[in-house]
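Read the numbers this way: they start at 1 and go in the same order the structure lists the ligands and their atoms. Quick caveat, the model's predicted, so the values are computed rather than measured.
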Amino acid sequence: MSLPFSPLHPSRNSRIAYFSMEIAVAPDMPTYSGGLGVLAGDTLRSAADAGLHLAAVTLVHRKGYFRQHLDANGVQSESEQPWKPEEKLIPEDPVVMINLEGRRVAVRAWRYDVQGITGHTISIYFLDSDLEQNDPRDRALTDRLYGGDGDYRLRQEALLGIGGVRLLHALGFRAAVYHMNEGHAALLTVALMQDQLRGAPLYTASEEDMAAVRQKCVFTTHTPVPAGHDRFSQEQSYRILGDEIASFLEQRGGVHDGLLNMTYVALTFSRFVNGVAMQHGKVSRSMFPEYEISAITNGVHALTWTSPAFQNIFDRHMPRWRQDNVTLRYAIDIPEEEIAAAHTQAKRVLMDGIAERTGVRLDPGIFTIGFARRAATYKRADLLFTDPERLARCAREQGAMQIIYSGKAHPADSPGKEKIRHVIELAHRLSNDSLRIVYLENYEWQLAAQLVSGVDVWLNTPKRPYEASGTSGMKAALNGVPSLSILDGWWIEGWIEGVTGWAIEDHEDESAEAGSIYDHLERVLLPLYYQQPQQWRRIMRSTIALNGSFFNTQRMLEQYVVNAYFPESVAQASAQVREPVLAG
Ligand SMILES: *Cc1c(COP(=O)(O)O)cnc(C)c1O
């Protein structure tokens, strides 16, 4: 990775602060809910690998997101995931204050150091308001990720953004770039403005002050539909943030359709904005035509999501792949039998894991489809069951199938919970000798790692254009698992028909889209899998070479460095290179 500065001599000009409401740091820390948190964690792991001078800020989430329980009828219930930050994190001394709803709230932090492959570490700071001097209401603010009502959420966002900047500064970490991973962190711009004004009231901010703050801010939006953007009423804004901040945000363009809109706050205060895939960039530009919005396609941390079996063969064939993910392109030269053997190993691990979790023994010799993600309705977990008869016939006539599902619905998402119930009901009804369907409880990191590597094809059926990027298919690709997916999000870029997977045809009508899935299974996937195993292995191999080498956070972060974080220093560095050449 070519960096525009030496990571060994970090200066203030090369420091980055990364803010995210959720970060998947380690499998045993329930500080994330899904794709956004995993992306943040993968980004930070790659930042450590690259030797970037970066610190990250999130909340400690003492009671986690939630553990999912499913009863025999597929009805979801939830329990807390309490964990002990004291046992995993290092306490930091500084305590900073923020004002919420007229109360003073003290905030401290815990540190976790992520070590990269070269030994470089970056620190993640977990903000914690569970301090004795705080009002009991405020002590609970860093308990639950995406829990509580709108008031709770706005207070958490103030804590993350305003508390986070103050805490970093109290630790002596002042950055050149503040990266907001989604709008949840948008209030960091307020703290940066307060810092810029050195204690003068916010209404005194000049255009130069605005420009100075903007110069520091980078914003990544992840939401392709207006309803998904984080919004609060003006009443909440004034009551919780106070008159000074609320009226500042109102005057500076943060209020849209009468609501405080965190996406607009972040857009207004950022010099660089991006969506998370090419298509999502386009969608975001049409949603916010008054702003310039780029696209940087997401990735996954290659080492984290490559199964041990594939790590071994990559180490043998591309010994520098951990340092340089681009060399995964040379997977094209790995003998097919080795790919097949590694996959068989990963498939066994998955099937053993399932037996352990559920008592159900699946057969590693049978074609296996995986579908696991948040049970948001737009992901359409039940699209595959649109015509259950046809699905059953397909398995009966073309070859047996196993289908593995997993995914949590947010506790307040009743339609999402209904999707889960529906899938489980159909799983019971349809399962027979040639078609077995299981739904695995409590989708999380380790289960995801087993699933993406252990199934034969990764199914993805979002409703367009709701999938901003999606990342689980990228994890599958690193393990030689092709995708069968609607052309949305990253798949528009990753799809080469019959080479990296297959596209489900786009139709207005859901049953026609489901029809395209059955067509593919009947005519292409099952015949290939059972009758042309060598051709199937070639597809596995090209999936790694083409998609594993690109859809990783090492490539992604390099794009952030060059385009978002330090575009000027890149320009300067190349100017410096050019001069002597001209002089010579
Ligand atoms: C990767 C991952 C996700 C995100 O998957 P999408 O394809 O983006 O929906 C969600 N949850 C877990 C546990 C993951 O590992």
Y32 N/O to ligand 1 N/O under 3.5 Å: no
K475 N/O to ligand 1 N/O under 3.5 Å: yes
Examine the side chains of [X] and [Y] and answer whether a donor and an acceptor come within less than 3.5 Å of each other.
X    : Y    : result
S46  : T553 : yes
D49  : H301 : yes
S485 : W495 : no
D42  : W305 : yes
N298 : W490 : no

Nearest protein heavy atom with distance in Å, relative to atom 12 (C) of ligand 1: Y443 CE2, 3.7 Å
Short list, please: which atoms of ligand 1 are under 4.0 Å from a heavy atom of [X]?
X    : answer
A448 : 15 (O)
W445 : 13 (C)
K379 : 6 (P), 9 (O)
V38  : 14 (C), 15 (O)
E444 : 13 (C)
R373 : 9 (O)
T471 : 1 (C), 4 (C), 5 (O), 6 (P), 7 (O), 8 (O)

Ionic contact status for E80 with R62, cut-off 4.0 Å: no
D488/R464 salt bridge by N-O under 4.0 Å criterion: no
Steps toward ring pair (Phe, Tyr, Trp, His ring centres under 6.0 Å) verdict (Y560, H179): CA-CA 10 Å; Y560 275 104; H179 186 170; 5.1 Å; yes
Part of W305 within contact of ligand 1 (heavy atoms, under 4.0 Å): side chain
